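Being a predicted model, the structure only gives us computed values, none of them experimental. Naming convention: chains lettered A, B, ... in sequence-line order (proteins, then strands); numbering from 1 in each chain.
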Number of protein chains: 2
Amino acid sequence: MADYKAPLREMNFLLHEVFEADKLWARLPALAETADRETADAILEEMGKLAANTLDPINRSGDEEGCSWNDGVVTTPKGFPEAYATFCEGGWGALVGNPEFGGMGMPKMLGAQVEEMLNASNISFALYPVLTNGACLAIDAHGSQELKEKYLPNMYAGTWSGAMDLTEPHAGTDLGIIRTKAEPQEDGSYSITGSKIFITGGDQDLSENVIHLVLAKLPDAPKGPKGISLFLVPKILVNEDGSLGERNAVNCGSIEHKMGIKASSTCAMNFDGAKGWLVGELNKGLAAMFTMMNYERLGVGIQGLGASERSYQNAIEYARDRVQSRSPSGAKQPEKAADPIIVHPDVRRMLLTQKAYIGGARALSTYVAKWLDLAKYSEGEEKQQAEAMVALLTPVAKAFFTDRGLDCTVIGQQVFGGHGYIREWGQEQLVRDVRITQIYEGTNGIQALDLIGRKTVANGGALFELFAADVQQFIDANAGNADLAEFIQPLTVELQRLKDATAAVIEATKTDPNAPGAASVDYLDLFGYVAYAYMWAKVASVANGKDEDFYRSQIKTARFYFARLLPKSQALAASVVAGSGTLMDLEEELF
Amino acid sequence: MADYKAPLREMNFLLHEVFEADKLWARLPALAETADRETADAILEEMGKLAANTLDPINRSGDEEGCSWNDGVVTTPKGFPEAYATFCEGGWGALVGNPEFGGMGMPKMLGAQVEEMLNASNISFALYPVLTNGACLAIDAHGSQELKEKYLPNMYAGTWSGAMDLTEPHAGTDLGIIRTKAEPQEDGSYSITGSKIFITGGDQDLSENVIHLVLAKLPDAPKGPKGISLFLVPKILVNEDGSLGERNAVNCGSIEHKMGIKASSTCAMNFDGAKGWLVGELNKGLAAMFTMMNYERLGVGIQGLGASERSYQNAIEYARDRVQSRSPSGAKQPEKAADPIIVHPDVRRMLLTQKAYIGGARALSTYVAKWLDLAKYSEGEEKQQAEAMVALLTPVAKAFFTDRGLDCTVIGQQVFGGHGYIREWGQEQLVRDVRITQIYEGTNGIQALDLIGRKTVANGGALFELFAADVQQFIDANAGNADLAEFIQPLTVELQRLKDATAAVIEATKTDPNAPGAASVDYLDLFGYVAYAYMWAKVASVANGKDEDFYRSQIKTARFYFARLLPKSQALAASVVAGSGTLMDLEEELF
């Protein structure tokens, strides 16, 4: 198994050459104070070292050992507590946090690259700080000043971690039917009672305290999603002076035995009249959760990207080292018993597929992160547009990066042949680990419904028009460049294909309530392939004319993407417009 | 997790209504003696019971416990030895064996259905008898009369099992570079020395003896694949009277820790001057192995089918039981908190995708098995044609069934949402188990190279023409049926698409040695989608006009296949004709 090497050159290229992050940071007052290119470079380099030297070495051992549960106490695998301490000492938990409460206030564009390295080296580990991050975002956006002051500094420091308690045994996708109860107390707090499952980092031995954000309903709350409130429920109560007090009635009843991410604790949590405090407004808990959803969902997408990159690095090394059979165009290393398998066209197809998907995802995640930063730090119309772009693109990033993440890790395993199936080589763990990213934080099917339904059909395609205009602007700006015609012409065709598919679903929905759901997953996939085409064309436009190897590699990968992967859009568009008939026609009992 | 139910209705429908197996059996003398519809029905029913009552119940526990190795001895999980004994008592090991040596001489068309049930209920278990079967086929086809008499009866009985020892640490795909040595002894036997890895069932505690078929080279053998010979090497030497004698110098050095099929022992085998006997001719060992390859490879394809069926049965049950959110067309079960998820269009898309791939694979495996039977039991031109069809279709079946097997098991896991990731629900095991089927017995990339290279380009498309003619004959025979036009018209288009793609690759190869490898995997996929279209059209042609639910379900599934899955052929054809340029252009160091 190859040692992990942070792809810093690719990240810097995207940040500064393709998306001109430093210019953006300089013109947004809040970011001008915290971020510049020099600081960003230093941060990426340091995280690269932490990932390679601290997190990568405990990834496979963490998978083998897994978490264990004993009488309510969760123990993480060997090396995890030490690595977590190192992570906290480096101040990494504060990276994108609010400076008012001890955060560093760094942009998401930078945070996205940091997250990729965290996830590439150790998804199980990454989940602990990533969930804390999400909880901090929700508290920062909706909590009272008192809650923020009391909890955020220790959470940014990592001394306390965060957990999101949404799912119940009977309520996953459909949170409207949760049963956890919150009863108002005289002191203004609430008594929380109920059971939650699938709680990532719900308990562990890394942090002194776990701050749960729990969805629950007041006894008299309206039925359904509009009766859900959000509560902050610490594992250990915090005294007035900020010191830890009594244990709250929050207990981890068991942990799940899973396909992968075995070093991440997935807890069943019991709240037995636990003391909690309202975050945001009563009955608006789901909306409060959605604040952080876009960050979290992009983060899950980046998990798919990270696993892909790790698998690719291993596959490249193996393909150069492993000798087997001869090149079809004649022996390339006649002095050896066979040629390295990287000479074989089909092995190259596999490696280039990984490389093209990874490059597309890294570019698109940086692009989405840019809109997230604009949504957070800009003003007026620009802010509104950014919020719209984030709303539209987030489900695409979450689902498409993770679906392609499964593809990439399966391909990276396939390059290894039989050795890919053996645990010691590490490739199969990446497949098992990445598989959860297609499921949690809203399954990819739910992301697709969100994209086509709430984000597209519900507004007559208004958000989509913003994205299409952005692509069109790029096309127009490069229309005169003959060097780029090989990308701009097909991108123009693909944009039209996506527009047609979008219009067709909007139209079909007028007479068929099943139309969005019937088209959803294929539509999201189509969107993803067109979005990657946009990204690769953008990358090619920046790399064009530069003679250095790195740029030539980008251009050649873009060509591969357009020739070999983008054609999938034809099939997807055909499925999107096929309608719901063949799906709904089969009687339930005839399945 | 649903209890496994053997899909007997589907099997009988394909065997007798679609492919008219009983008519075929009646006209082939060897099969007329052994097989008829009544016997076949009884056999399928019995295997259905064995699979459901004996093999399915130890599938998950077998995965949790796995095999263990201690000082050269392999122990299978709890219940496996007892299940193996039951399997042998039922005479299942003899099903397709040569009657001259104790086999039942049943057709592969029937054997294929039996294999599906074995694999659907327990892939790990199935591998033990399946490998024995393969070894018997090679011995029967190439061994001396003495070897056959000495080994086959006990192997058919399952008292002794078989193993195939091909791979070495440095030689997987490229068997030409194996190093295991065979030195001729004065008594006509050979002394075998070398190390083999990835030997399925190389050792276990199920059978009294393990008969290894080992690829090795004589000291003076030609280099490369033309210097490989095949040897029979028993774990325990067999005395003249057939009783077990001394232990041979064959030892299991360790077992692999794998992603899945954990109850199947995957052994590193050491041969230290072990006594072995030549099977077939010297230096023609690879050819001897290929005799059984077509059977084995179809069998591996059927593993993909079996896992898909098992995942589908679980997913259907879950989709009917799990209530979550409301149907987009209004509540279907208003008395409940939510509707069962089977009402949602995207859940139906997932289930129908499984159903359509499974039906396509089951039909195509029966079709290929029919050609295998004709190749084995018919004469003259019919036999030749059958051999050609088998050669062409086997790599398609192996790779396409297993690639779609991964798709189907991933989809079946996705239907379960978060529960799909948890081990106790069983869906994630199927993903892990089926993943090996894309790798072993020749990776799916190698199958694709075999299809486009040896089986197509090398003969100018002559074998392909046979298949195309068979499809065309079906099209012509049904051209006048207005009911079937919805299938026949698109099938005509797809056949032409496949013909064009085939011709394009043959043409490109004239000037580009990398052309076949560049097109291979996408070409095989294209072939698979067109072949399933042929199968679904055939199924529809038989189901057409029959009013029973079962037939209507077939027609509706065929419609779904044509509307939603078959469009992938457009994208695949575009990739096939894209050529090798974008694959070969990137310098190795720029990956």
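- Comparing B/S327, B/A518, B/G453, B/A519 by heavy-atom pairs within less than 4.5 Å of chain A, the highest count is held by B/A518.
- Heavy atoms closer than 4.5 Å to chain B are found in the side chain of A/L406, but not in its backbone.
- For the side chain to side chain donor-acceptor pair (under 3.5 Å) criterion with A/Y318, the lone passing option out of A/Q427, A/Q313, A/H419 is A/H419.
- For B/T402 and B/N444, the side-chain atoms include at least one donor-acceptor pair closer than 3.5 Å.
- In this structure, the portions of B/H257 lying under 4.5 Å from any heavy atom of chain A include both its backbone and its side chain.
- Side-chain contact check for B/F198 versus B/I439: every heavy-atom pair is 4.5 Å or farther apart.
- Heavy atoms of A/R322 lying under 4.5 Å from chain B belong exclusively to its side chain.
- Chain A forms more heavy-atom pairs under 4.5 Å with one residue of B/I446, B/T443, B/I342 than with any other, namely B/I342.
- Under the 4.0 Å criterion applied to side-chain N and carboxylate O atoms, B/K568 and B/D525 are not assigned as salt-bridge partners.
- Residue contact with chain B, scored on non-hydrogen atoms closer than 4.5 Å, is absent for A/P225.
- A salt bridge links B/R552 with A/E587: the closest approach of a Lys/Arg side-chain nitrogen to an acidic carboxylate oxygen falls below 4.0 angstrom.
- Contacts of A/I197 with chain B are made by side-chain atoms alone, with heavy-atom separations under 4.5 Å and no backbone atom involved.
- Proximity to chain B is absent for every atom of A/S580, based on heavy atoms less than 4.5 angstrom apart.
- Heavy-atom distances place both the backbone and the side chain of A/I436 under 4.5 Å from chain B.
- Chain A forms the most heavy-atom pairs under 4.5 Å with one residue out of B/G330, B/P328, B/A578, and that residue is B/P328.
- In this structure, the side chains of A/T353 and A/D407 stay at 4.5 Å or more apart for every pair of heavy atoms.
- Using a 4.5 Å heavy-atom threshold, the side chains of B/I177 and B/E168 count as separate.
- Residue A/D522 touches chain B through its side chain alone, counting heavy-atom pairs closer than 4.5 Å.
- Heavy-atom distances place no part of B/V576 under 4.5 Å from chain A, backbone and side chain included.
- For B/I316, the part lying under 4.5 angstrom from a heavy atom of chain A is the side chain only.
- For A/R349 and A/D346, the salt-bridge test passes: some basic side-chain N is under 4.0 Å from an acidic carboxylate O.
- Heavy-atom pairs under 4.5 Å with chain A were tallied for B/E428, B/R348, B/H170; the largest tally goes to B/R348.
- Both the backbone and the side chain of B/L352 come within contact range of chain A, with heavy atoms under 4.5 Å apart.
- Taking the charged nitrogens against the carboxylate oxygens, A/R9 and A/E548 do have a contact shorter than 4.0 Å, which makes a salt bridge.
- Under the 30°/60° scheme for interplanar angles, the aromatic rings of A/Y561 and A/Y529 are found to lie parallel.
- Contacts between A/V323 and chain B at a heavy-atom distance below 4.5 Å involve the backbone alone (N, CA, C, O).
- Interface remark: A/V347 contributes no atoms to any contact with chain B (heavy atom separation under 4.5 Å).
- Counting heavy atoms from C-beta outward, B/R435 and B/R432 have side chains that stay 4.5 Å or more apart.
- Of the atoms belonging to A/K355, it is side-chain heavy atoms, and not backbone ones, that fall under 4.5 Å from chain B.
- Neither the backbone nor the side chain of A/Q354 comes within contact range of chain B, judged by heavy atoms closer than 4.5 Å.
- The pair B/R326-B/D339 meets the salt-bridge criterion, with a side-chain N (NZ, NE, NH1 or NH2) lying under 4.0 Å from an Asp/Glu carboxylate O.
- Using a 4.5 Å cut-off between heavy atoms, A/F416 does not touch chain B at all.
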